[in-house]
J.: 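I am attaching a structure below and will ask some questions about it afterwards.
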Amino acid sequence: MRKLLLIISALLITISSSAQQNARKSSARRQARTTASAKADKSPIVLATPIRPANQKDVINLTVPKMDVVRVGFVGLGMRGPGAVERWANIDGTDIKALCDLDADRVEKSQKILERNGRHRADAYSGSADAYKKMCERNDIDIIYIATDWIHHVPIALYAMEHGKNVAIEVPAAMTINDIWALINTSERTRKHCMMLENCVYDFFEVSALNMARQGVFGEVLHVEGSYLHNLDDFWGEYKNNWRLDFNRKNRGDVYPTHGIGPDCQVLGIHRTDLMDYLVAMDTKAVNGPKAVERQTGKPCTDFQNGDQTSTLIRTIKGKTMLIQHDVMTPRPYSRMFQIVGTDGYASKYPVEQILLRKEQAKGLKVDYQNLNSHTPLNDETRNAMLNDYTPNYVKQIQDKAKTVGGHGGMDYIMDYRLVYCLRNGLPLDMDVYDMAEWCCIGELSRISIENGSAPVKVPDFTRGAWKRR
C-alpha cells in the first residue's frame, strides 16, 4: 500500500508540474499576443507620400541665375509687410518694383517708407483679393515676398511660381500636408525657390550656437527644444478680421511651430545628415481661447478647438529627440526655449542665456576650464566671449546695420540680407522648400496625433529620398 501511495503521489506531482508548465506557456503566449497587439497598436500613423511626377527632379541645392539686382514685389502690407519693405529699402542690390494689398491705404503707407529711404515709388496693386495676380504676371520681378494671413500664403505662392517667380513666404508657409506637397511639387517642376521666412534661425544666439554645434563644441547633440510661448492677449485685435484667433478656434494642434522647430532642425541637420522619424503630441483643454472669443464677441464660445498648451515630441531616425511647445493663451514670459543638449555640452537661450561644457571638452577652447563643474554654466563674460568667437563672419559684417534697421532686434534684417545675397550670387538659399515642409507639417501632424489619443505619427520624407545624397 505504501508503495502504491508513493507512485500515486509522484504521478500527481508530475501532473501538477506539467499543468504549471502548460499554464506558464499559455500565459507567455497570451503575454506575447498582448505585447504584439500593443506593438501593432502603437505603430505610427502613416500618411501617403505622393510619387514624384515623371520628369520632375528634387531641388536639393537649387540655384537660379545670378541677379545683379533683385527685383521684388510685396504682397500683404498689414503687420509684417511694411517692416519687410523697410528692410529691403536698406539692402543694396534691390529694386522694390511693386506693392500689393487688399487695402489701398496700406499700399500708400509702404510707399511713404520707400520715399523716406530715398527709393522710387513702386507700382501699386489693391482693391481686389486677386490683385496680386497681375503683379505676378509681370516680367520684371524676380521674387514675390508674401506677408499675408496664413490661409492666403499657398495660393499666392503657387500662382507666383507658375508665372516664373521665386517666392519667399512668411511663417507658417502652409497649414496642411496637401498644401505642403503642392508647394514642393510646384517648386520642383518650375525650378523656382520656395523659401519660408523663418527669422528666428538668424537671431544672434542661434547663429552662434548653430556654429558651435556644427564644430562639435557640445559633442554629439542628442536633444533640442524649441517653442513659441507668447501670450497674444494684447495683439488679437491687430489681426485683420480677427483671422489668427479664428484659426485657433477652428484648428487643433501646434498651429505655429516654426519659430521653435526651425533652429532645432538646423542644429540636428534635418534632411542633411538626419531625418525626422515620428512624433507624438498632446494638448491641454481650451480655457483662455474661448474667453478671448467671448471678450471680443460678447457671446459664449463652446466650439474652440485649440488647447491652451500643445506639446510635441519628435524622434529622428538617428535616435535624437526634439520637444516643441506652443502656447499663445496663458500669461507666461515670452520664450522660444531653444535648448541644445549634447554629450559634452549644453546651451540655452531662455529664460537666460547659458552655456555649460564638460571640463575635458573645454580644454581645447578659450575657456577657463579649471573652474568648471558638471552643473554650473559658464560665467557671463566667458559665455559672451564664446558666442562672439563663434558668430559667423557674415553676421559680424552686418550686425551693426541689422540692429539699426531692426526687425525683432536685427534678425529679420539678417534673414532678408542673406536671401538677397544668395540670389545675387547664384547660391542655394539657407532654407529650401523641404525645410519649409518639415517645419510646417508639425501643425497637421500634431493634430492627427492628438485626435488619435496622442498616437505616434510618421513624419513624411518630403525630399522623397533625395536627402541621402546631400
Side-chain angles (χ1 to χ4, degrees), residues 44-53 56-62 146 150-158 160-161 166-201 226 251 253-279 281 312 314-317 322 324 326 419 428-449 457-470:
I45 297 170
V46 179
L47 281 66
T49 296
I51 297 174
R52 179 174 282 119
Q56 184 169 300
K57 298 179 180 179
D58 66 78
V59 287
I60 296 288
N61 291 329
L62 175 69
I146 303 167
W150 300 340
I151 62 175
H152 288 95
H153 286 172
V154 173
I156 297 172
L158 294 176
M161 285 189 283
N166 301 286
V167 295
I169 318 171
E170 266 293 354
V171 295
M175 309 306 291
T176 70
I177 300 298
N178 286 340
D179 279 348
I180 288 171
W181 282 117
L183 290 173
I184 290 172
N185 282 331
T186 305
S187 176
E188 290 182 348
R189 177 168 47 81
T190 62
R191 315 308 294 171
K192 294 299 178 182
H193 289 300
C194 180
M195 171 183 158
M196 184 168 64
L197 295 160
E198 182 40 72
N199 55 349
C200 293
V201 304
N251 295 274
D254 189 338
V255 299
Y256 199 71
T258 70
H259 287 333
I261 198 171
D264 286 354
C265 283
Q266 289 201 331
V267 168
L268 292 183
I270 297 300
H271 88 250
R272 291 159 175 86
T273 59
D274 201 353
L275 204 66
M276 288 190 281
D277 189 4
Y278 65 91
L279 63 78
T312 304
I314 305 165
R315 185 176 174 87
T316 76
I317 63 172
M322 289 185 267
I324 309 299
H326 175 263
L419 171 57
L429 304 186
D430 294 340
M431 298 175 284
D432 60 23
V433 70
Y434 307 119
D435 291 307
M436 176 279 297
E438 291 150 353
W439 304 351
C440 288
C441 77
I442 305 306
E444 184 167 359
L445 298 188
S446 64
R447 174 188 63 78
I448 292 172
S449 176
V457 181
K458 186 79 171 177
V459 179
D461 174 8
F462 292 102
T463 74
R464 291 180 275 215
W467 72 278
K468 296 177 182 178
R469 65 175 176 78
R470 184 164 185 166

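All residue numbers refer to positions in the sequence shown, counting from 1.
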J.: For Ala168, check side-chain contact (heavy atoms from CB on, under 4.5 Å) against everything at least two apart and list the hits.
T.: Ile143, Tyr145, Leu197, Leu419
J.: Less than 4.5 Å apart, side chain to side chain, heavy atoms only: is that true for His326 and Val255?
T.: yes
J.: Measuring from Ile270:CD1 to Phe462:CZ, what's the distance to the nearest 0.5 Å?
T.: 12.5 Å
J.: State the CG-CG distance between Asn166 and Leu62, to the nearest 0.5 angstrom.
T.: 8.0 Å
J.: Does the Glu198 side chain pair with the main chain of His259, one donor and one acceptor, at a distance under 3.5 Å?
T.: yes
J.: Any sub-3.5 Å donor-acceptor pair from Ser187's side-chain atoms to Lys192's backbone N or O?
T.: yes
J.: Hey, does Thr258 have a side-chain heavy atom less than 4.5 Å from the side chain of Glu170?
T.: no
J.: Are Ile448 and Leu47 side-chain neighbours, meaning at least one heavy-atom pair lies under 4.5 Å?
T.: yes
J.: Rounded to the nearest 0.5 Å, what's the gap from CG on Leu429 to NE2 on His193? Could you check?
T.: 4.0 Å
J.: So, does Arg191 use its side chain to make a donor-acceptor pair with the main chain of Lys57 at under 3.5 Å?
T.: yes
J.: Dump the intermediate steps for side chain to side chain contact (heavy atoms under 4.5 Å, CB included) on Tyr278 and Leu445, then the final yes or no.
T.: CA-CA 9 Å; Tyr278 65 91; Leu445 298 188; over 6 Å; no
J.: Between Ile442 and Met322, is a side chain to side chain contact (heavy atoms under 4.5 Å, CB included) present by the stated rule, with each step listed?
T.: CA-CA 12 Å; Ile442 305 306; Met322 289 185 267; over 6 Å; no
J.: With sequence neighbours excluded, what pairs up with Ile151 under the side-chain contact (heavy atoms from CB on, under 4.5 Å) test?
T.: Asp149, Phe247
J.: Should His153 and Asp179 count as side-chain neighbours, where that means a heavy-atom distance under 4.5 Å?
T.: no
J.: Check whether the side chains of Thr312 and Asp254 place a donor and an acceptor atom closer than 3.5 Å, and report yes or no.
T.: no
J.: Checking Tyr256 side chain against Val171 main chain: does a donor-acceptor pair fall under 3.5 Å?
T.: no
J.: Evaluate side chain to side chain contact (heavy atoms under 4.5 Å, CB included) for Ile184 paired with Arg52, printing each intermediate quantity in order.
T.: CA-CA 10 Å; Ile184 290 172; Arg52 179 174 282 119; 5.9 Å; no
